[in-house]
Amino acid sequence: MSWLTVPTPLPSGPMEIAVTPLGVASAGYVRREGGTPPCTDEPKIRAVTERIGAYLAGRTRELGLPIDWSLSSGPHRAVLETLWREVPYGRTITYGELAARSGVFEDITEPGLAARTVGQMMAANPVPLLVPCHRVVAADGIGGFGGGRVGIEVKRWLLTLEGVLEPTLDWDGPL
DNA sequence: TATCGCATCTAGT
DNA sequence: ACTAGATGCGATA
């Protein structure tokens with residue numbers, strides 16, 4: 001596993017991406033702590049940078065990057081894969097609905113519990129952006145996002161990019 | 001293995 | 001419209 005940094009127009013700045021021979025294993029909106037080996041595979045760096053750049057510039061709706069799922073397993077992975085398969089560009093799903101779709105929480109009957117658990121799984125998503133956790137919203141509003149204050153801005157930015165939200169006055173992305 | 005912190009929801013003022 | 005409480009999972013050390 002090696003790391004590379006990709007410039008983005010996001011409010012959070014550049015992303016840190018970890019790649020393996022299988023694909024992208026990890027992505028972060030915030031800078032990783034040092035100590036991880038940088039990626040030296042130039043064609044791979046160019047491919048990842050180009051795909052993410054095109055997506056965030058509105059030139060494509062598909063990232064088209066292979067995902068290495070090995071960092072997640074069990075129910076966590078099942079929910080992430082459900083989200084990845086069933087929620088396309090420009091669509092959103094609520095925490096509760098995703099819980100139901102994934103089929104992981106059929107034993108859980110308490111209202112809201114499955115939804116909360118999904119929220120915690122999204123917070124622990126190793127590959128945000130590739131697995132579109134920003135398309136998962138609360139039943140009554142936009143919901144939350146990791147990374148504190150900047151995190152929620154990233155979520156709004158991405159939803160605006162995909163046409164889910166109306167551009168605000170400070171919108172600095174494409175369109 | 002023990003502890004911590006919730007990316008929610010629903011109901012009750 | 002707004003506030004508070006229920007409640008158990010996953011992550012971290």
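A, B, ... follow the sequence lines: proteins, then strands. Residue 1 opens every chain.
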* Provide the full list of side chain to side chain donor-acceptor pair (under 3.5 Å) pairs with a residue in residues 38-47 of chain A, sequence neighbours left out, each pair given once. =>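 Non-adjacent pairs meeting side chain to side chain donor-acceptor pair (under 3.5 Å): zero.
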
* To do: May I have all residue pairs that pass side chain to side chain donor-acceptor pair (under 3.5 Å) and include part of residues 85-94 of chain A, sequence neighbours excluded?
  =>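 Listed once each, the pairs are A:E86-A:R101.
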
* Quick one: pull up CG in A:N125 and OG in A:S26 and give me the separation to the nearest 0.5 Å. => 9.0 Å

* Spatial distance of atom CG (A:L98) from atom OG1 (A:T117) [nearest 0.5 Å] ->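 Reported to 0.5 Å precision, the distance equals 11.5 Å.
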
* **Donor-acceptor contact below 3.5 Å, side chain A:K155 vs main chain A:C133** =>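 Answer holds: no.
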
* Side chain of A:T8, backbone of A:G13: donor and acceptor closer than 3.5 Å? ->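 Between the backbone of A:G13 and the side chain of A:T8 there is a qualifying donor-acceptor contact (under 3.5 Å).
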
* Structure fact -> So the contacted stretch of DNA chain C, first to last nucleotide with an atom under 4.0 Å from a non-hydrogen atom of chain A, runs from C:dA6 to C:dA11

Just wondering, do [Y] and [X] contact through their side chains at under 4.5 Å, heavy atoms?
X      : Y     : answer
A:V127 : A:S72 : no
A:E16  : A:L4  : no
A:L80  : A:W69 : yes

Side-chain donor-acceptor pairs under 3.5 Å in residues 159-175 of chain A, sequence neighbours left out?
{"from": "A:T160", "atom 1": "OG1", "to": "A:R156", "atom 2": "O", "distance (Å)": "2.6"}
{"from": "A:E162", "atom 1": "OE1", "to": "A:G90", "atom 2": "N", "distance (Å)": "3.1"}
{"from": "A:E162", "atom 1": "OE1", "to": "A:R135", "atom 2": "NE", "distance (Å)": "2.8"}
{"from": "A:E162", "atom 1": "OE2", "to": "A:Y55", "atom 2": "OH", "distance (Å)": "2.4"}
{"from": "A:E162", "atom 1": "OE2", "to": "A:H134", "atom 2": "NE2", "distance (Å)": "3.1"}
{"from": "A:E162", "atom 1": "OE2", "to": "A:R135", "atom 2": "NE", "distance (Å)": "3.3"}
{"from": "A:E162", "atom 1": "OE2", "to": "A:R135", "atom 2": "NH2", "distance (Å)": "2.9"}
{"from": "A:T168", "atom 1": "OG1", "to": "A:D170", "atom 2": "OD1", "distance (Å)": "2.6"}
{"from": "A:W171", "atom 1": "NE1", "to": "A:G173", "atom 2": "O", "distance (Å)": "3.4"}
{"from": "A:W171", "atom 1": "NE1", "to": "A:P174", "atom 2": "O", "distance (Å)": "2.9"}
{"from": "A:D172", "atom 1": "OD1", "to": "A:W157", "atom 2": "NE1", "distance (Å)": "3.0"}

* Both distances under 3.5 Å, Watson-Crick or G-U wobble: on that basis, could you give the dot-bracket string for DNA chain C, with [ ] for crossing pairs and | for other-strand partners? => ||||||.||||||

* Can you give one letter per nucleotide of nucleotides 2-13 of chain B, 5' to 3': B if a protein heavy atom sits under 4.0 Å from the base, S if only from the sugar-phosphate, - if neither? -> ---BBBBSS---

